[in-house]
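Everything below concerns the one structure shown next.
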Amino acid sequence: MKSVSTKAYTQLKCSAKNTSRKEMILTCRAIVAVCLPWLCLTCWISHLTLHAQTAAALAGAGRTVSAPRKLLNPGAVPSWFQTGMFRSARWDGGPIEAEKGLLSEWPGFKEGEPLQILQATSDWYNPRTIQFLKMAHINWAWVTWSTGFSPSTELQQREVVGRYITLCHQSHIRVTAYISIGNMFWRDMFEHLPSSIAWTKVDFRGGPVSYMGHPTRYMADLTNPGWIELQRKRVEAAARAGADALWIDNTFSYYRPQDVTHLIDALYDTALKINPQFVIMSNLNQGIYTWARFQNGVTTEDGEEPGYYTDKQQPYLVTNAGLLRYNYGVGEGWRPVSVEDEGRHVGARLMNSMPPRKWQLAIAESAMYHTSLEIAPEGRFLRDIYFGVPEALEGLRAIGAYNSFLEQNEQYYTQPQSLSRIAILSDTTDAVVPYLNQIAKNNLNFDVVFNYQNPQEEHLKQYKVIVLPNTNPLNKSWCNALAKWVREDGGALIVIQDASLFSPGHISGSRDFGLGELLRISKREIPSSIEVRSRGKGSVVYLPTLPPTDEMCSLIQRYLKQTELVEVEPHAATLSNVAYQPANKRVVVSLLNYRQELEKGLQIEVRAPVEKVEILSPDHLSETKAQIRRNGSNWKMVIPELQTYDLVIISLK
């Protein structure tokens, strides 16, 4: 196989044959140490100005943005990108994507590799691959626009992708441009843009910050005016080529949120002049999921391959329900949310595609929690699709079958309203997400709200139980709202360990639990066992430690007291989600069977008069008519069959 490297990289590789990697790294670090200080001096005044501009807008990650930002206007999100309206794919490819994989030493990305992954990746934006998007019923795909090479090296990629965007639009497929927030392939950048050495982010020792330890990749200083200007030009070119949105990768927690926000605002302002309905979303990993609140789209690659597995002594369920509910909470109902299930049950994503029916399970799981699964063929799956391997095309058709079902039934996925009576009030550490995945296995329907949001009294009234899992900081508004909700609305508040011990701002020695008066606890006398107290019409529960998930679910159910409008009978390895569409007076119940083996006789109870029940499924079922009977003021129904995914539409009187 011929190398897909650019001419510049071919020359660089040839010149480096007699130089070891270690020597090259030491040489570059020496250059950085000598040149970087005086080059950065020229940017220092602009650097200070930048922070003065952003400090007022963002005083920290745990506080809301005080200054109005155009990016946070829900009305600016286009209709095609609303919840339930898009089916997504990360469609990485092109020469610079192949080169990125080669320099990053990804599995299978090697010159002369018989797997031919490089060849397929490099030619992925061949017009014929549009048919694969159509086969999978994808109407939103992101393409590789820039990975961190110099503009001259990326020119060929832009020309190819520009033509591909036009073809996608002709096929009614929206396109998002991928860029890295700060990645630089430094050898190419420093050769073609010598001043870019001053854009390098340095650590406390004065050395370059690399991308996850890769010696070929440095990360940029997001506050550097030169880097900001380069990113502006990249985004402007993408928008002019027809890109509908921007997908930003490589945002790490060592970047300050105010610096990330300033850069995103600069890019949005640039794109807005060309496309007034431009969307920006960033791939955010655990620890910074809530940074998505600084933009108008939400996405993460942290999903796992879902399923019910028997390869251990005890069978076990893998679900992303907690992750999906959490990120949908960050989206606040108006930001589009997409998730990639990068984790694989066996092996790494690049070399191991999910089996066809697993793709279907993953698509349905995302859809039932109001998000969109990003299918990600990059690697061996991409190569097999490109060369027409039957097994890969079978996987693509399986994806298409479920996406086609979502497309045909869009009306049941749009504008969902939560019927959950349980809320998790979380902070921004994301530490609770693995725990949420676990409690979701008990088929517990819950919403996630955040301490940076303003408490809304009417919104709180819909909940019977609110849980604070070590939630800090908690401001006075939240403490007052929760106290009122307990005393006047009869809510049950479950507070765990140190929740509310800290408030935003300066920490004083007199600081005590913000909810201390309600709980009757203080930092001087913290209970070592569970404390349960009545408060007005409601109750408060203090837990000294986070309990096992089964105990937590039992505690929640004790206070829930069958107040949910819809209750789905527990069934092994089957989860559900319930949404309401008030305009149509209908309840939409999603049932997902992680075993993917035919189940019969699932029961649903509705505490309201029912007019009609309809069962829809992308699976081939022999019976789709529910048995309905009235039981006093409630209505009970039996769902005859569930293979993988059923959508139960309940029209209320």
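By convention here, the first residue in the shown sequence is residue 1.
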*Assess R595 against Y308: is NZ or CZ under 6.0 Å from the centre of the six-membered ring, and within 45 degrees of the ring's axis?*
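Yes - R595 lies over the ring of Y308, closer than 6.0 Å to its centre and within 45° of its axis.
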
Query raised in the report: Under 6.0 Å from the six-membered ring centre of Y386 and within 45° of its axis: does the NZ or CZ of R128 meet both?
Result: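 Yes; both conditions hold, so R128 lies above the ring face of Y386.
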
With [X], which residues qualify under salt bridge (Lys or Arg N to Asp or Glu O under 4.0 Å), at least two apart?
| X | result |
| --- | --- |
| R335 | E332 |
| E305 | K358 |
| E236 | R240 |
| D249 | none |

* Asked: Just by modelled atom types, is the E641 backbone N or O under 3.5 Å from a matching donor or acceptor in the E623 side chain?
  ->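 Side chain of E623 to backbone of E641, a donor-acceptor pair under 3.5 Å: no, none is there.
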
**Message:** Are Y402 and W359, when compared by the centres of their aromatic rings, separated by less than 6.0 Å?
**Reply:**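 No, the ring of Y402 stays outside the 6.0 Å limit from the ring of W359, centre to centre.
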
Aromatic contact, Y309 with H345 (centres under 6.0 Å) =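 For Y309 and H345, the ring centres are under 6.0 Å apart.
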
Qualifying residues under side-chain hydrogen bond (donor to acceptor under 3.5 Å, both in side chains), relative to [X], sequence neighbours excluded:
| X | answer |
| --- | --- |
| K233 | none |
| W247 | E374 |
| Y580 | none |
| R586 | Q581 |

Once ring pair (Phe, Tyr, Trp, His ring centres under 6.0 Å) is applied, do any residues pair with F252, and if so which ones, sequence neighbours excluded?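 Residues passing ring pair (Phe, Tyr, Trp, His ring centres under 6.0 Å) with F252: Y211, Y254.
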
Donor-acceptor list for residues 159-166 side chains, cut-off 3.5 Å, not counting sequence neighbours:
from : atom 1 : to   : atom 2 : distance (Å)
Y164 : OH     : W91  : NE1    : 3.0
Y164 : OH     : T129 : OG1    : 2.7
T166 : OG1    : G162 : O      : 3.3

Kindly compute the distance separating CG (L361) from OG (S366), expressed to the nearest 0.5 Å.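 Here the interatomic distance stands at 9.5 Å.
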
Got a second to check how far I181's CD1 is from N250's CG, nearest 0.5 Å?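 Reported value, rounded in 0.5 Å steps: 8.5 Å.
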
Problem set entry | Pairs where residues 272-282 contributes a residue and the test side chain to side chain donor-acceptor pair (under 3.5 Å) is met, not counting sequence neighbours |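 Of all non-adjacent pairs touching residues 272-282, those that pass side chain to side chain donor-acceptor pair (under 3.5 Å) are S282-Q295.
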
message: Suppose we screen for side-chain contact (heavy atoms from CB on, under 4.5 Å). Which residues come up paired with S590, at least two apart in sequence or across chains?
response: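 M368, Y645, L647.
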
Quick one about E301 and N285 (side-chain donor to acceptor, distance below 3.5 Å, no hydrogens or angles considered), yes or no?
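Indeed, the side chains of N285 and E301 share at least one donor-acceptor pair under 3.5 Å.
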
> Hey, is CD on Q415 packed in by over 12 heavy atoms from elsewhere, all under 6.0 Å?
Replying inline: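 Count not over threshold, so no.
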
_Tell me which one of E599, E597, Q596 satisfies side-chain hydrogen bond (donor to acceptor under 3.5 Å, both in side chains) with T644._
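Option passing the side-chain hydrogen bond (donor to acceptor under 3.5 Å, both in side chains) with T644: Q596.
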
Exactly one of S88, S338, S372 should register a side-chain hydrogen bond (donor to acceptor under 3.5 Å, both in side chains) with T299. Which one does?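 Answer after filtering S88, S338, S372: S338.
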
(message) Students often mix this up, so state it plainly: with edges at 30° and 60°, are the rings of F405 and Y413 parallel, tilted or perpendicular?
(response)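 Taking Y413 first and then F405, their aromatic rings stand perpendicular (interplane angle over 60°).
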
